[in-house]
Amino acid sequence: MQKRILLSIMTLFSAMHLYAQQSCATAIPAVLGTTTASTSFGTTPPAPAHCMVLNGSESFLWYTFTPAVDTNVRVSTVTSTNTGLDTRISVFSGTCGALSCIAYGDDESAFLSIATFAATAGTTYYIVFDTYWGNMPIDFTISYVSTGGGGGPIPQLITFTTQGIPNGDNSRCVMDMNGDHIDDIVYTSGNTLRVHYQTAPATFTSTTHTISGTVTNAPSWSIAGGDMDNNGYNDLIYGGGSGASIIMANSTGTAYTHYSGGQYIFSQRTNVVDINNDGIADAFVCHDIDANVFYISNGSGGFTWNQGGLGANGGNYGSVWIDYDNDCDMDLYIAKCGSDPIDQLHRNNGDGTYTSVGVAAGLNDATENWSSTWADFDNDGDMDVFMGASSNWGGLSHKLYRNNGNGTFTNITAGSGFDLYYSNLGIENYPGDFNNDGWVDVYGLGGLIMFNDGDMTFTASTSPVAGAAVGDLNQDGALDLVAGTTIYKNNLTSNNYIVVSTVGVQSNKNGIGARVTVQTASGSQIRDVRSGQAFSSMQTLNAHFGIGQETAIEKITICWPSGVVDVINNPAINSHLVVVEGSTVSVQEELSQNLQVFPNPATSHLSISGLPANRVFALEIFDVTGKLISTQQVSENVTVDVQSLVPGIYVARISGEASQLNVKFIKE
């Protein structure tokens with residue numbers, strides 16, 4: 001009898017609703033399986049920052065979860081009892097009052113959400129639901145997702161080291177903001193714009209700007225950037241729930257002004273791109289419930305409103321501007337969701353007009369996806385596309401298409417590796433070579449990095465965070481991640497690279513739309529310079545190439561939107577090259593072509609030769625954490641004593657007037 005009573009009590013207890021508390025300090029532990037959440041919401045938001053934008057009136061449900069093993073953890077509100085509800089999930093690590101956002105989910109399946117994160121055994125994570133879209137109870141599930149479609153554990157093929165963003169700022173925007181072509185971190189809040197300038201590898205100096213004028217739209221859906229008046233400093237466009245705001249930098253990058261036409265736009269993905277190819281970048285905004293809109297810049301801080309012609313129906317979510325037909329102008333692809341689920345491809349006719357060619361190309365896909373990932377995955381000279389599903393609506397999921405080189409595409413999903421992760425859903429998908437092996441990978445699928453095997457198949461790896469902005473935050477040539485209040489520095493130490501920054505003269509200042517080709521002995525790779533990839537975040541404007549174990553680059557070719565073609569022969573590897581349109585004979589090129597740093601690895605001394613004669617350069621050496629180790633003036637041929645350096649990876653920065661190169665070397 002006692003056993004029966006005890007069993008009854010346990011059954012009753014397990015069936016009871018767990019009532020989440022109203023603050024971090026009183027959060028209730030959740031367990032694997034399904035939990036029915038309380039209807040009692042608290043008003044205490046996460047501190048110091050929320051994973052996503054707040055409207056100032058949310059309430060919150062707080063839970064904790066402590067995994068028993070190292071694994072990927074998925075928190076999901078995708079249950080039948082939640083049908084018709086609208087949820088958001090945020091996941092934090094740290095302690096109350098000092099939390100760091102590590103994952104979030106919003107609208108991965110209809111309006112229900114999934115957040116996936118890499119978890120460490122015994123670590124307590126905070127799971128927070130909020131009432132941004134309305135006050136309602138929810139069910140949620142917690143599960144381990146450490147096994148892939150092949151039945152084995154998902155490996156961690158590269159590792160990351162964490163570093164907090166200064167001031168505990170929450171960011172999903174990475175790009176150069178002061179004209180030095182080095183990636184910075186941008187934080188926005190109301191009329192506040194705070195830029196964390198990367199003044200040395202992984203070292204940031206923060207400046208807070210108050211934007212002139214009332215900022216009417218927060219970047220609640222997306223943010224993108226680029227120089228829309230060709231003054232040398234990047235501007236921003238915010239995509240909000242009721243309109244778009246453009247934030248313009250002054251001629252010195254020290255002050256910012258707000259512009260908005262005041263038109264209603266249910267903004268989704270935003271981009272900066274020269275739509276009419278007049279040499280000045282414009283702003284494009286996906287409209288969720290109507291035809292897309294774009295602002296044509298007059299080059300002086302003014303814009304002309306346009307609507308229609310580039311996506312006529314609603315449900316426009318993830319726009320990306322790419323050159324899919326290799327004619328050196330930017331075409332438009334729109335990932336669709338909602339009222340018109342069929343994706344669209346708009347071909348640039350080269351005369352300021354566009355033609356819808358999605359059906360003819362075979363890309364009129366009905367998968368519910370919020371972003372698409374374009375890259376030359378097979379290094380055959382044209383852009384292929386991965387479509388990352390945000391839900392399994394209609395039985396559809398991820399798709400991989402190969403560019404046939406004739407304006408059409410072939411679905412090659414079966415056997416690609418993406419078909420093994422049907423349920424790994426997400427709204428953010430981004431291309432990048434995260435292991436610098438010369439093959440473009442896919443970061444996305446709700447928290448994975450799909451590493452390119454070089455034969456149009458991909459191997460899954462865990463990622464420390466989902467939905468991050470991407471850039472090089474310690475100048476070591478490896479792609480890093482920024483999400484919430486945390487920088488995730490890529491620990492990659494093998495494989496060589498080159499980074500290319502484009503500066504337009506006839507073309508727009510950023511060279512957005514330029515096609516960059518890197519040629520080595522093993523073949524060629526291509527990149528398009530783009531602003532606004534994935535769904536919501538802003539990524540680096542630099543073109544990043546891994547070249548594996550290649551020790552030389554034969555040439556780099558840049559086809560600019562103006563039609564100008566630059567060729568740089570024999571640039572230095574493991575360096576950052578800045579190319580000005582139409583001017584490949586420059587100090588920068590002379591450095592990149594002639595500079596030699598040897599031996600590498602070095603034991604006691606590092607020799608530098610090939611510096612231009614009769615010029616003085618600054619030589620700075622940084623370790624991988626960004627700490628400045630030494631600095632000196634050098635000219636022509638010089639030998640540097642590195643005997644006192646501890647063994648490891650270092651970056652030598654050589655800079656002079658209007659020129660700068662970063663070279664990685666190893667101290668044995």
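These numbers come from a predicted model, not from an experiment.
Side-chain atoms of Asn316 and Asp288 include no donor-acceptor pair closer than 3.5 Å. Thr557 and Thr517 form no side-chain donor-acceptor contact under 3.5 Å, judged by distance and modelled atom types alone. Of the N and O atoms on the side chains of Ser507 and Glu581, at least one donor lies less than 3.5 Å from an acceptor on the other residue. Looking only at atom types and distance, the side chain of Ser319 has a donor-acceptor partner in the side chain of Asn271 under 3.5 Å away. There is no side-chain donor-acceptor pair under 3.5 Å between Ser356 and Gln344.
Note that the SG atom of Cys286 and the CD1 atom of Ile334 stand 5.0 Å from one another [nearest 0.5 Å]. Rounded to the nearest 0.5 Å, atoms CZ (Arg172) and OH (Tyr187) are 12.5 Å apart. In this structure, Asn411 CG and Met387 CE are separated by 8.5 Å, a value rounded to the nearest 0.5 Å. Atoms CD1 and OG1, on Ile512 and Thr502 in that order, are 8.0 Å from each other to the nearest 0.5 Å. Expressed to the nearest 0.5 Å, how far OG1 of Thr540 lies from CG of Asp183 amounts to 3.5 Å. Residue Tyr430 holds its OH atom at 12.5 Å from OG of Ser371, rounded to the nearest 0.5 Å.
Note on ring orientation: taking the six-membered ring where Trp is involved, the planes of Phe418 and His398 are perpendicular (angle over 60°, cut-offs 30° and 60°). Ring orientation note: the planes of Tyr295 and Tyr259 are nearly perpendicular, at an angle over 60° on the 30°/60° scale.
Annotation: side chain of Ile246 is not in contact with side chain of Leu236 (no heavy-atom distance under 4.5 Å). In this structure, His258 and Thr214 have side chains that are not in contact, with every pair of non-hydrogen atoms separated by 4.5 Å or more. A heavy-atom distance below 4.5 Å is not found between the side chains of Tyr317 and Arg269. Looking at heavy atoms from C-beta onward, Gln533 lies out of side-chain contact with Trp374 at the 4.5 angstrom threshold. No side-chain heavy atom of Gln263 sits less than 4.5 Å from a side-chain heavy atom of Val293. For the pair Val385/Leu363, a side-chain contact is recorded, criterion being any heavy-atom separation below 4.5 Å from C-beta on. The closest side-chain heavy-atom distance from Glu428 to Ser536 is below 4.5 Å. Counting only heavy atoms from C-beta outward, the side chains of Asn542 and Val500 never approach each other to under 4.5 Å.
In this structure, Phe458 has its ring center closer than 6.0 angstrom to the ring center of Phe377. Ring-centre distance between Trp221 and Tyr238: not below the 6.0 Å cut-off.
Residues satisfying the salt bridge (Lys or Arg N to Asp or Glu O under 4.0 Å) criterion with Lys509, sequence neighbours excluded, are absent altogether. Under the rule for a side-chain hydrogen bond (donor to acceptor under 3.5 Å, both in side chains), Thr373 has no partner lying at least two apart in sequence or in another chain. Ser267 meets the side-chain contact (heavy atoms from CB on, under 4.5 Å) test with Ala244, Ile265, Val285; sequence neighbours excluded. Not a single ring pair (Phe, Tyr, Trp, His ring centres under 6.0 Å) links Phe451 to another residue, sequence neighbours left out. Ser76 meets the side-chain hydrogen bond (donor to acceptor under 3.5 Å, both in side chains) test with no other residue; sequence neighbours excluded. Taking His544 as the reference, Asn436 meet the side-chain hydrogen bond (donor to acceptor under 3.5 Å, both in side chains) condition, with sequence neighbours excluded. Partners of Phe284 under the ring pair (Phe, Tyr, Trp, His ring centres under 6.0 Å) rule, at least two apart in sequence or in another chain, are Trp321. Considering only residues two or more places apart in sequence or on other chains, Asn379 meets the side-chain hydrogen bond (donor to acceptor under 3.5 Å, both in side chains) condition with none of them.
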Working for side-chain contact (heavy atoms from CB on, under 4.5 Å), residues Val174 and Asp184: CA-CA 6 Å; Val174 170; Asp184 307 311; over 6 Å; no

Residues Asp419, Thr413; criterion side chain to side chain donor-acceptor pair (under 3.5 Å); working and verdict: CA-CA 6 Å; Asp419 51 338; Thr413 311; over 6 Å; no

Stepwise side-chain contact (heavy atoms from CB on, under 4.5 Å) check, Asp480 with Val482: CA-CA 7 Å; Asp480 308 308; Val482 173; over 6 Å; no

Full working for side-chain contact (heavy atoms from CB on, under 4.5 Å) between Asn298 and Phe303: CA-CA 6 Å; Asn298 64 10; Phe303 296 85; over 6 Å; no

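Within the structure, side chain to side chain donor-acceptor pair (under 3.5 Å) contacts touching residues 458-473 (residues at least two apart or in different chains) are Asp453-Thr459. Pairs engaging residues 294-329 under the disulfide (SG to SG under 2.5 Å) rule: Cys328-Cys559 [sequence neighbours left out]. For residues 399-412, the pairs satisfying salt bridge (Lys or Arg N to Asp or Glu O under 4.0 Å) are Asp365-Lys399, Asp378-Arg402, with sequence neighbours left out. Each salt bridge (Lys or Arg N to Asp or Glu O under 4.0 Å) pair with one or both residues in residues 323-335, not counting sequence neighbours, appears once here: Asp323-Arg515.
Counting only distance, with no hydrogens or angles, the side chain of Asp433 and the backbone of Phe545 share no donor-acceptor pair below 3.5 Å. The main-chain N or O of Tyr422 is found under 3.5 Å from a side-chain atom of Ser397 such that the two form a donor-acceptor pair. Of the possible polar contacts, one joining the Asp274 side chain to the Asp278 backbone as a donor-acceptor pair under 3.5 Å is found. Within the 3.5 Å criterion, the main-chain N or O of Ile427 finds no donor-acceptor partner in the side chain of Asn369. Asn292 contributes a side-chain N or O that, together with a main-chain N or O of Leu310, makes up a donor-acceptor pair within less than 3.5 Å. Within the 3.5 Å criterion, the main-chain N or O of Gly279 finds no donor-acceptor partner in the side chain of Asn508. Checking side-chain atoms of Asp528 against main-chain N and O of Ile322 turns up no donor-acceptor pair under 3.5 Å. At least one donor-acceptor pair under 3.5 Å links the side chain of Ser222 to the backbone N or O of Thr270.
Geometrically, Arg347 does not engage Tyr354 in a cation-pi contact defined by less than 6.0 Å to the ring centre and at most 45° from the axis.
Minimum interatomic distance between Val272 and Ser531 (heavy atoms only, all atoms of both residues): O-CB, 3.4 Å. Ser297 and Gly299 make their closest contact through OG-N, 3.0 Å (heavy atoms, listed as atom of the first residue, atom of the second, distance). Here the closest non-hydrogen pair linking His287 and Tyr264 is NE2-O, 3.6 Å. Of all heavy-atom pairs spanning Leu400 and Ser416, the tightest one is CD2-CB, 3.7 Å. Residues Ala468 and Ser537 approach most closely at O-OG, 3.8 Å, considering heavy atoms. When every heavy atom of Asp282 is checked against every heavy atom of Ile275, the shortest pair comes out as OD2-N, 2.9 Å.
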